[in-house]
Each structure stands twice: as C-alpha cells, then as structure tokens.
Asker: 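Structure provided below as structure tokens; questions to follow.
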Amino acid sequence: MNGNRITIHIIASWPLLIFAVSCGTPEHPPHLIEDIESVAIGICGSCHQYAPPTDLPTPIWEELLPHMGHRLGIYAGSKSPDSLFEAGLERKEAESLGIFPDHPQITKETWDQIYDWYLKKSSATIAPGTAERALPESSLFSAKPSGYTRRPPLTSMIKIVPASQTILFGDGKNNVNALIQLNNKLELDYQLYVKNTPVDYHIHKGEKFLLSVGKSIYPSDYRQGELEKISGPDQVSVPNKSQLLLDNLRRPVHITHSDVDKNGHDDLVICQFGNFRGHLSLFKNDGQTYAEEVLLDQPGAVKTISHDMNSDGWPDLIVLMSQGREGIYYLENMKGTFAAPREWLSFSPLAGSTYFDLLDWDEDGDLDILYTSGDNADKTSILKSYHGIYLFENQGDNNFTQAYFYPMHGAYQALAHDYDLDGDLDIAAISFFPDYSSPHPQHFVYLQQEDKLSFKSYSFPEANAGRWIQMDAADLDQDGDIDLALGSFVGFYPAGDTTNLFEKWVDEGPAVMYLENRTY
C-alpha cells in the first residue's frame, strides 16, 4: 500500500466494535492522516456516542485519553492489561473481559495523531461553570433531620413505607453494614446488621426483598451482590430471618419484579452495574428456581421499568444505561422472550446518566421521560453545563424530543408528583455533585410548575445539612400529600469544595432528612 492510503478493518469484538486503522508500511514511514476527525469518529464512536474535543478542556483530555488508549491496546511505560484490573480478580476472568487487549488494535502512529488532534482542538483552560445562586425558600416542606445516625452517614438506599409510617435506609460501612428503620418520629425502631451494603428494597405482594451491592458501593467487578427475601413472625415484626434468592451478582443496583412470561410467577430483572463488566439480567422464575438470561451484556445498567408499551398484553422493559454507552433502551416482550434492545435516547459518555422515570407529563395518553444527568465521579470531574434535569415528550410511537431542561450540576435523582396538589406535576431533585466553588451549592431543588413547562425553583435552608445521594417520595404521615426523604452519603471529600461542609456532615449531619409536605 502506498503512503497516502488508509485501510480500515472492522473487527467484531462485542461489546466493542473497533476500527483498526493502518497507515504506512515497514518500508515507508507513516504519513499524517488528512481527515483525522473522521478516523477519530469511527474509532471512538464505535464504543459510545462520539465526544468531540470541545467537550472537555485540554488538561482533562491529557489525563483521559491514555485510558481510552488502553481500550485499544495502546499502553505506555509499565502499564499492561494485567495492571488495570482489581487485585483478586482471577486472570481467566480478567482476560475474558476483552476490554484491555494484549495487542494494539490500531497502530501507535494513528493513535498519536488522534491524541495530538484532541489536544490541539480542545480548550487549554477549564471554563468556569455557571454560578449557582441561592434559591428562595419553599413554604411547602418542613425539614426534619433523623434522630438517629451512624457516623459518618453512608446512606446507600432509602425507602418510605407509608403502611407502617416508617423510613428504611441502608448504611454502607464495610463489615458493619446495616438496614435501619426509623419510626414516624424519626427515632430508631431497629437496625439489622447485614453482610453486604443494601442498595434496593422492595415490598412486593406483601413480601420484602433486599438487594445488596457487595462489600462497597464503589466501582467493582466482584460478584458479591445478593438478593434476599427477609421476614419475621408477621408483617409488622422486626425481620429475624432471610432467604437467599440470588448470589454472585456483579455489583447489582436495582431490581424490578415482572411476570414476563405470564406463567404466574414473578420474574426478576436485575441491573448488574459492574464496572468494566456488567449485565442487564432476567432471572426467570418457574416457581422453584431462577434461571438467568442476559438481556444486555454490558456494564452500566442503572434502572429498569416494566410496562406494556405497545398494549399487546405483555410487559416490556425500559432500561437506563450509563458507563460509556449511555442511553435509554426499549426491550420489547415477544411473548416471554425479549427482542434486541432498541435505542430510544442516546447520550454522551460524559453525560453521567443517573436516573429516569416514565410518566404521562402532558396527559396525552402516552408515556414521557424524566431523566437526570450528573454523575461526576470519574476522570472528568469538572462542572458541566449539560448536567441537570430533562423532560423528553413522547411524540407518538415512542419518538422523544426534549421539552424542558433545568441546569443542575451533579443532578442525581428527580421525582415528579403533584406536591402542591394544584393539578399538575412538580419535580423534586437532589444533587450529589453540586458546584462546591459556589457559596450556594444546589443540593436540593423543588421545581413548582406554574404553567405548562414553566417552573419556579425553590429549596430549603437545611438543604446543605447533608450530601444527598438517595431520595424517595410517598405519603409518610398519611395525610393526603406527598412527602420526601433524603439520604446522605459522605464517604469521600467533594472535589473543589470551598464550603467547609464536609467536616460538618461527618460530625453533625443526619443520615436522613425528612421533608414533610405541609399542604395538608
């Protein structure tokens, strides 16, 4: 081949589709690729939505690009595939991941040109984020901190149980993990010490299911997750026994019950988020055992919803995926089995997808999407103008267009209800990564809808009393309006903090903040 020709080979390597680009020959030195942007789009866009150089400043690309090079088998210095996996993971499993190839998938010369092009086209400085402002106080909620907290607060899940007027939350301290119940005075009812960190709790058909992530909520590919059914002498007693339903789960974070094959037994859909490797898994229930079927063989499954989207009588699945290949996907139920996922919405790998819900926002008979973008814990932890709360309206046939965006640095969850009981939906949202360089980081916002897609934003004075990672909404006090419960996690120091809040959270901050709705 002559020095001006570029050859592109497609290598099938699921879940990655890698373009191997060759330029030059042993007899001829490599030449500069004239259209390096097209080559970068082909290579980077084969794994996730293409992110152009302008999405991040040069200093971040300098740190991030070498890690992208590892995915292509490009290593520097003493780096090797073995050195990139967690200690203790077996070599056989590490090799089976196929994420860090032993040999380069493109030439080093091509990679160097892509690397140089990204640095040249990106901004040399980090643009300042939009300053977060102090929000007016909402008169709708009265903030009440929990009377019991295990220090430091490491709340890993939270659940309001209206029937018993209690709040359940998980505390994720290694070797002393606990499931804790507070009564309606926010005092300790009981705490159960559990082997692993609780991350999801469901009461389904009167039975209580507890999903644990493993020893820690932090990124991992270890198979330490478990699903248990917990019970006691009766429905109101303190649980004193458990039945292990599933184990060896790879960092699971969410569970959905759904009888997908309509055999009379509820199946389980579990988001095994993982880290480098993970699955969206269906565990089919024949009444005696669960059999796993992998629906999506990639990491980053955050949450699923089971709903009959096409009105054929069979429950379909909708899933939010993060961890690179970010988006919302639809899996159609074909009478007990699922068709290949169809992409409803695709997001940048920098989006940091954190939560979604389906709801008929515009009351036109089809389901719209509420979505938050704000995970900022990886190697690109700078303020991002596109982090926040999104509404996507269904235009029919599940075609979605963005109808609303509220910028919120580090948005982690948003729950829509008619909180003020005026006949339309409002939004409550939390942030785990607000702007800590601001004197007014927005940890919580209440968006009160005043007209169609027109909101007024509020907060409450105690919003900075914790670092909120979990939230639930239900009528805790059974008075006819929707209350909120927030859970605080202070497991690591927030980057760029100028507020000196961290020490206060550790020493004084509550594990749970109850926001009592004062409409009634």
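The structure presented is a predicted model; accordingly, all values stated were derived computationally and were not measured.
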Asker: Would you check if L320 and S353 make a side-chain contact, meaning some heavy-atom pair closer than 4.5 Å?
Answerer: yes
Asker: Hey, can you tell me if F400 and W344 have their rings parallel, tilted or perpendicular (30° and 60° cut-offs)?
Answerer: tilted
Asker: Would you say the side chains of N275 and Q323 form a donor-acceptor pair under 3.5 Å?
Answerer: yes
Asker: Looking only at atom types and distance, does a side-chain atom of N184 sit under 3.5 Å from a main-chain N or O of Q165, one as donor and one as acceptor?
Answerer: no
Asker: Which heavy-atom pair separates G214 from Q224 by the least distance, and what is that distance?
Answerer: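 What the structure gives for the nearest pair is CA-CB, 3.7 Å.
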Asker: Out of curiosity, I180 CD1 to I167 CD1, how far, rounded to the nearest 0.5 Å?
Answerer: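 So the gap between those two atoms works out to 12.0 Å.
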Asker: Taking atom types as modelled, is there a side-chain donor on S281 or E292 under 3.5 Å from an acceptor on the other?
Answerer: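 E292 and S281 do have a side-chain donor-acceptor pair below 3.5 Å.
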Asker: Does a side-chain heavy-atom distance below 4.5 Å link M321 with Q298?
Answerer: yes
Asker: Parallel under 30°, tilted from 30 to 60°, perpendicular over 60°: which one fits the rings of Y436 and W505?
Answerer: perpendicular
Asker: For residues F433 and K384, determine if any side-chain heavy atom of one lies less than 4.5 Å from a side-chain heavy atom of the other.
Answerer: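 In short, these two side chains do not touch, never coming nearer than 4.5 Å.
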Asker: Does the side chain of K144 reach to within under 4.5 Å of the side chain of S142, using non-hydrogen atoms?
Answerer: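 Contact flag for K144/S142 side chains = yes.
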Asker: If you compare all heavy atoms of T372 against all heavy atoms of A414, which two are closest, and at what distance to 0.1 Å?
Answerer: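 Scanning both residues completely, I find the closest heavy atoms to be CG2-CB, 3.5 Å.
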Asker: Would you please name every residue forming a salt bridge (Lys or Arg N to Asp or Glu O under 4.0 Å) with E293, sequence neighbours left out?
Answerer: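 E293 satisfies salt bridge (Lys or Arg N to Asp or Glu O under 4.0 Å) with K284 only.
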Asker: Answer yes or no for K303 and F356: cation-pi contact, defined as NZ/CZ to six-membered ring centre under 6.0 Å and angle to ring axis within 45°.
Answerer: yes
Asker: Looking only at side-chain N and O atoms, does Y148 offer a donor or acceptor that is under 3.5 Å from a partner on Q191?
Answerer: yes
Asker: Mind checking what makes salt bridge (Lys or Arg N to Asp or Glu O under 4.0 Å) contact with K159, not counting sequence neighbours?
Answerer: none
Asker: Between R325 and F347, is NZ or CZ placed under 6.0 angstrom from the six-membered ring centre and within 45° of the ring axis?
Answerer: no
Asker: Looking at CG of D55 and OG1 of T380, how far apart are the two atoms once the value is rounded to the nearest 0.5 Å?
Answerer: 10.0 Å
Asker: Testing the 3.5 Å rule here: is there a donor-acceptor pair between the side chains of R467 and S431?
Answerer: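 Checked: R467/S431 side chains show no N/O donor-acceptor pair below 3.5 Å.
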Asker: If we only count heavy atoms from C-beta on, is the I469 to L486 side-chain gap below 4.5 Å?
Answerer: no
Asker: Taking the six-membered ring for Trp, are F489 and Y218 parallel (under 30°), tilted (30 to 60°) or perpendicular (over 60°)?
Answerer: perpendicular
Asker: What are the two closest non-hydrogen atoms of S164 and T166, and how far apart are they?
Answerer: OG-OG1, 2.6 Å
Asker: Verify salt bridge (Lys or Arg N to Asp or Glu O under 4.0 Å) between K229 and E207, making sure each step is shown before the conclusion.
Answerer: CA-CA 7 Å; K229 185 162 61 175; E207 296 183 310; 3.2 Å; yes
Asker: Please report the interatomic distance CG(N394) to CG(L359), rounded to the nearest 0.5 Å.
Answerer: 11.0 Å
Asker: Would you say the side chains of Q470 and T155 form a donor-acceptor pair under 3.5 Å?
Answerer: no
Asker: Ignoring hydrogens and geometry beyond distance, is a side-chain donor-acceptor pair present between D435 and Q442 at under 3.5 Å?
Answerer: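 No.
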Asker: Does the side chain of T256 come under 3.5 Å of the side chain of S306 through a donor N or O and an acceptor N or O?
Answerer: no
Asker: Using the rule side-chain contact (heavy atoms from CB on, under 4.5 Å), only one of L295, L296, V319 pairs with P341; which is it?
Answerer: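 The residue from L295, L296, V319 that satisfies side-chain contact (heavy atoms from CB on, under 4.5 Å) with P341 turns out to be L296.
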Asker: With side chains defined as the heavy atoms from C-beta onward, is the minimum distance between H387 and N376 less than 4.5 Å?
Answerer: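 Yes, at least one pair of side-chain atoms sits under 4.5 Å.
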Asker: Parallel under 30°, tilted from 30 to 60°, perpendicular over 60°: which one fits the rings of H204 and H257?
Answerer: parallel
Asker: Take Y412 and F432 through the ring-ring contact (aromatic ring centres under 6.0 Å, His included) test and state the conclusion after the steps.
Answerer: CA-CA 6 Å; Y412 233 61; F432 192 61; 5.3 Å; yes
Asker: Is the shortest side-chain heavy-atom distance between L317 and V269 below 4.5 Å?
Answerer: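 A side-chain contact under 4.5 Å exists here.
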Asker: With distance as the sole criterion, is a donor-acceptor pair present between the side chains of T354 and D375 under 3.5 Å?
Answerer: no
Asker: Short question: side chain of Q449, backbone of L453 - any donor-acceptor pair under 3.5 Å?
Answerer: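 Present.
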Asker: Would you say the ring centers of F209 and Y201 fall short of 6.0 Å from each other?
Answerer: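 So the answer is no for these two rings.
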Asker: Determine which pairs satisfy side-chain hydrogen bond (donor to acceptor under 3.5 Å, both in side chains) with at least one residue from residues 486-500, sequence neighbours left out, and list them in order.
Answerer: D497-T499
Asker: For D316 versus L331, what's the shortest heavy-atom pair and its separation?
Answerer: CB-O, 3.5 Å
Asker: Assess, by modelled atom type and distance only, whether the side chains of T401 and Q395 contain a donor and an acceptor separated by less than 3.5 Å.
Answerer: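 Side-chain D/A pair, T401 to Q395: present.
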Asker: Answer yes if the side chains of H443 and N464 hold a donor-acceptor pair under 3.5 Å, and no otherwise.
Answerer: no
Asker: Centre of Y222's six-membered ring, under 6.0 Å away, within 45 degrees of the axis: is that where NZ or CZ of R250 sits?
Answerer: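 The answer is no; the distance or angle limit is not met.
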Asker: With distance as the sole criterion, is a donor-acceptor pair present between the side chains of Q49 and S348 under 3.5 Å?
Answerer: no
Asker: Can you tell me how far apart CG (D360) and CD (E393) are? Round to the nearest 0.5 Å.
Answerer: 9.5 Å
Asker: Does the N333 side chain pair with the main chain of D308, one donor and one acceptor, at a distance under 3.5 Å?
Answerer: no
Asker: Indicate the atoms forming the closest heavy-atom contact of P153 with G509, along with that distance.
Answerer: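 Heavy atoms only, the tightest pair is CG-O, 3.4 Å.
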Asker: Specify the closest pair of heavy atoms between Y190 and P239, including all atoms of both residues, with the distance to one decimal.
Answerer: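 Heavy-atom minimum between the residues: OH-CD, 3.4 Å.
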Asker: Mind checking whether H202 and H254 have parallel, tilted or perpendicular rings, split at 30° and 60°?
Answerer: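 H202 vs H254 ring planes: perpendicular.
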Asker: Would you say the ring centers of Y371 and Y390 fall short of 6.0 Å from each other?
Answerer: yes
Asker: Could you tell me whether the side chain of M157 reaches within less than 4.5 Å of the side chain of L210, counting heavy atoms only?
Answerer: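 Side chain of L210 against side chain of M157, heavy atoms only: contact under 4.5 Å found.
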Asker: Could you check whether the rings of Y406 and Y404 sit parallel, tilted or perpendicular, using 30° and 60° as the cut-offs?
Answerer: parallel
Asker: Would you confirm whether S212, through its side chain, and E226, through its main-chain N or O, come within 3.5 Å as a donor-acceptor pair?
Answerer: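 A pair under 3.5 Å: yes.
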